[in-house]
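This is the structure I want to talk about, given as structure tokens.
Per chain, numbering begins at 1; letters A, B, ... match sequence-line order.
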Amino acid sequence: EAGVAQSPRYKIIEKRQSVAFWCNPISGHATLYWYQQILGQGPKLLIQFQNNGVVDDSQLPKDRFSAERLKGVDSTLKIQPAKLEDSAVYLCASSSLTDLYGGGYTFGSGTRLTVV
Amino acid sequence: LAKTTQPISMDSYEGQEVNITCSHNNIATNDYITWYQQFPSQGPRFIIQGYKTKVTNEVASLFIPADRKSSTLSLPRVSLSDTAVYYCLVFNFGNEKLTFGTGTRLTIIP
């Protein structure tokens with residue numbers, strides 16, 4: 001079974017620039033999550049999608065972050081404009097209810113963003 | 001959401017059994033306990049999940065006492081490759097959200 005795919009793997013941008021991350025979840029997984037992980041901390045949930053609808057975006061800084069999941073499959077997370085404090089690893093995860101009973105989320109390897 | 005508390009770091013020698021204890025005093029009736037492992041430059045990976053008593057899989061065991069206010073992840077005969085951060089989480093199937101703490105950084109010493 002293919003895992004959660006994310007790209008790019010690394011990204012370096014200057015502050016005030018924009019950046020986008022892409023995620024392709026496991027086939028058939030209805031729920032998709034974006035997490036932000038700052039160095040030395042645990043992942044923090046930014047947004048949760050159920051198919052192509054947003055379930056929870058309470059911790060998404062909406063003045064600069066946006067995310068979409070068109071057609072309920074792939075998703076993109078965008079930051080515009082970026083700030084220095086946005087430097088982090090952005091993790092995408094997906095799950096299905098069946099998977100949660102038998103196991104858990106599946107995470108991608110993440111995109112490491114450095115804002116200079 | 002039930003908050004979890006676990007040690008910030010632990011060291012152990014290769015070949016030893018490692019036990020990481022997590023407290024979750026406010027766990028709700030519908031909550032499950034799940035543990036994830038994270039290596040550098042990778043996303044967290046599911047290890048084990050349980051509701052009560054003992055759960056064992058090919059990687060680890062999870063011990064949950066009757067009051068469910070704590071749980072212990074047991075890793076048998078650790079090797080250097082078990083060096084990672086281990087997260088204890090509490091969640092329920094209703095909202096499907098995982099809320100991570102800072103985890104326990106486990107270092108295996110040769």
With hydrophobic residues grouped by side-chain heavy-atom distances under 4.5 Å, do A:Val4 and A:Leu46 end up in a single group?
-> no
Expected contact set for residues 13-22 of chain A against chain B at heavy-atom separation under 4.5 Å reads none
Between B:Lys97 and the options A:Thr31, A:Val55, A:Asp56, the side chain to side chain contact (heavy atoms under 4.5 Å, CB included) test singles out A:Asp56
Check: Honestly curious: do B:Tyr86 and B:Ile48 fall in one hydrophobic cluster under the side-chain, below-4.5 Å linking rule?
Finding: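 Yes, same cluster.
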Kindly give the heavy-atom pair with the smallest separation between A:Phe107 and B:Pro44, and that separation in Å.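 Closest approach of A:Phe107 to B:Pro44, heavy atoms only: CD1-O, 3.3 Å.
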If one checks every heavy atom of A:Gln37 against chain B at 4.5 Å, the contacting part turns out to be side chain
What do you reckon, is CD1 of B:Ile109 surrounded by more than 12 foreign heavy atoms closer than 6.0 Å?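 Yes.
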- Item | Enclosure of A:Lys62 NZ (heavy-atom neighbours >12, cutoff 6.0 Å) |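 Check passes, neighbour count above 12.
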* To do: Between chain B and each of A:Gln41, A:Arg9, A:Gln50, A:Arg112, count heavy-atom pairs under 4.5 Å; write down the option with the most.
  =>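 Max contact count across the listed options: A:Arg9.
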Tell me, yes or no, whether the heavy-atom count around B:Ile8 atom CD1, taken from other residues, nucleotides or ligands under 6.0 Å, exceeds 12.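 No, not enclosed.
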Ranking A:Pro43, A:Ser109, A:Gly108 by heavy-atom pairs under 4.5 Å to chain B gives rank one to A:Pro43
Other residues, nucleotides, ligands: >12 heavy atoms within 6.0 Å of A:Leu39 CG | no
**Item:** B:Ile27 reachable from B:Ile20 in the ILVMFWY side-chain graph, under 4.5 Å edges
**Value:**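 They do share one cluster, since a chain of ILVMFWY contacts under 4.5 Å joins B:Ile20 to B:Ile27.
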Applying a strict under-4.5 Å side-chain criterion to I, L, V, M, F, W and Y, I'd like to know whether B:Leu89 and A:Tyr105 cluster together.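 Yes; A:Tyr105 is reachable from B:Leu89 via cluster members.
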Practice problem: Taking A:Tyr35 for its side chain and B:Phe100 for its backbone only, find out whether a donor-acceptor pair lies under 3.5 Å. | Solution: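 Pair absent, no side-chain N/O of A:Tyr35 close to backbone of B:Phe100.
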Checklist entry - Is there a path from B:Val18 to B:Phe63 through hydrophobic residues (I, L, V, M, F, W, Y) whose side chains come within less than 4.5 Å of each other? => result no
* Spatial distance of atom CG (A:Leu45) from atom CG (B:Leu98) [nearest 0.5 Å] ->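 Rounded to the nearest 0.5 Å, the CG-CG separation comes out at 9.0 Å.
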